[in-house]
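Scope of the values below: all heavy atoms of this structure, side chains included, with no hydrogens, waters or symmetry mates. All of these numbers come straight from a predicted model, not from anything done at the bench.
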Amino acid sequence: MLVASLELRPAIERLKELDSEYKCFPSETEWENGKKLYECLKIFSDITKKHSATKYPTANLYFIDVIQIRRSIKLWAESSDDWISLMGSKMQLKFDKYWDEYNKLLTVAVILDPRYKMAIVSYAYKGVYDFRADFYIDQIHEFLSQIFNEYSVKFEKSSGLVESTRSGSGGMIGSSLGGEWLGGFQDFVASSNLVENARRSELDEYLKESLFPMDSESEFDILHWWKLNGPKFPILARMAQDILAIPTSSVASESSFSKCRRIITDTRSSSHCESIETLMCVKDWFPDIKNN
């Protein structure tokens, strides 16, 4: 409505000149306030469209967009316009109430983006929460380490890494190179903290590596990056598979179900389930087919 009103401003002002009975036109101040409000609300519109699209964005985009909203709210609260400042202050209180309860896994998702890692978390919190920034950053780092350790244990069990090293202690390596003495090396590695150090080093190495360069002109395929770097960071790659697939919005799936009523009408209620499935898939895929 604001977009349409602002676009029609010249026509409305012309109508005011032509029709002496037209008395309900906005004042100059109201036009300016409408323009300021449009600029404030546009960020919500753009981000909602991105996260409610039919093709889901990967979860690494969530943190950046939500922090962008929080930074905007902070600026509104500091505005010289009293009505914008009041609006921003109320929104800030509501935002912080829910932010303390949000799912930290969605922050881990942005850390798994090689373009940002922990740097974006530090930048975001220090620009928004000031005196509480270090508390939030330490909390996220601890949570990341906890998730990584859980995946490390799960990865070892599923791959049989520890068991295979122990069962092979008297195998080819021991018999061909050093007999029973070298065969016990595998048991030594498995029972000592060397495996734990290897786990930690994978996470530390990833975080210490320089950030992947950002190119605004080309889209970055984070899933492809993890596919290529999976052999180097096997545990983190498994984390990325699970965490980046988390949908940031359920709107698209809900809208898919709302289409059913248009297909399964009163006169078409006896259609076979395969026919319904075909119709819904064609409806969903048709825009992509048109665009090759």
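Considering only residues two or more places apart in sequence or on other chains, Y22 meets the ring pair (Phe, Tyr, Trp, His ring centres under 6.0 Å) condition with F25. Remark: D96 engages R70, Y129 in a side chain to side chain donor-acceptor pair (under 3.5 Å) (not counting sequence neighbours). In this view, F233 and Y206 satisfy the ring pair (Phe, Tyr, Trp, His ring centres under 6.0 Å) rule, not counting sequence neighbours. Every residue was checked against the ring pair (Phe, Tyr, Trp, His ring centres under 6.0 Å) condition with Y123, not counting sequence neighbours, and none meets it. Looking at residues two or more places apart in sequence or on another chain, you find a side-chain contact (heavy atoms from CB on, under 4.5 Å) between T29 and S27, N33. E17 meets the side chain to side chain donor-acceptor pair (under 3.5 Å) test with R14; sequence neighbours excluded. Annotation: side-chain contact (heavy atoms from CB on, under 4.5 Å) contacts of C273 (sequence neighbours excluded): none. Applying the side-chain contact (heavy atoms from CB on, under 4.5 Å) criterion to Q139, with sequence neighbours excluded, gives K104, F135, Y136. Listed by chain and number, the residues in a side chain to side chain donor-acceptor pair (under 3.5 Å) with R71 amount to none (sequence neighbours excluded). I246 is linked by a side-chain contact (heavy atoms from CB on, under 4.5 Å) to A59, L105, L106, I243, counting only residues two or more places apart in sequence or in another chain. Every residue two or more places apart in sequence or in another chain was checked for a ring pair (Phe, Tyr, Trp, His ring centres under 6.0 Å) with Y38, and none qualifies.
Looking only at atom types and distance, the side chain of Y116 has no donor-acceptor partner in the side chain of N60 under 3.5 Å away.
Interatomic distance, E277 CD to M280 CE, rounded to the nearest 0.5 Å: 9.5 Å. How far CZ of F148 is from CG of L236: 5.0 Å, rounded to the nearest 0.5 Å. Interatomic distance, K74 NZ to S89 OG, rounded to the nearest 0.5 Å: 12.5 Å. Note that the OG atom of S45 and the CG atom of L2 stand 10.5 Å from one another [nearest 0.5 Å]. Interatomic distance, Q92 CD to L75 CG, rounded to the nearest 0.5 Å: 10.0 Å. Between the CD1 atom of I147 and the CD1 atom of I235 there is a distance of 13.5 Å, given to the nearest 0.5 Å.
Residues V121 and M239 are members of one and the same hydrophobic cluster, defined by side-chain heavy-atom contacts under 4.5 angstrom among Ile, Leu, Val, Met, Phe, Trp and Tyr. Under the 4.5 Å side-chain heavy-atom criterion for grouping Ile, Leu, Val, Met, Phe, Trp and Tyr, L112 is connected to I64 within one hydrophobic cluster. The cluster map of Ile, Leu, Val, Met, Phe, Trp and Tyr, joined by side-chain heavy atoms under 4.5 Å apart, puts L207 and Y125 in the same cluster. I73 and L93 are members of different hydrophobic clusters when ILVMFWY side chains are connected at heavy-atom separations under 4.5 Å.
Pairs engaging residues 221-233 under the side chain to side chain donor-acceptor pair (under 3.5 Å) rule: E209-K232 [sequence neighbours left out].
The shortest side-chain heavy-atom distance between M87 and S79 does not fall under the 4.5 Å cut-off. Residues S5 and I12 fail the side-chain proximity criterion, which asks for heavy atoms closer than 4.5 Å. With a 4.5 Å cut-off on side-chain heavy atoms, I140 and F63 do not count as touching. K94 places a side-chain heavy atom less than 4.5 Å from the side chain of Y98. Between L6 and W31 there is a side-chain heavy-atom pair separated by less than 4.5 Å.
A salt bridge is absent between E205 and K117: the closest approach of a Lys/Arg side-chain nitrogen to an acidic carboxylate oxygen does not fall below 4.0 angstrom. A salt bridge does not link K154 to E150: none of the charged side-chain nitrogens sits closer than 4.0 Å to a carboxylate oxygen.
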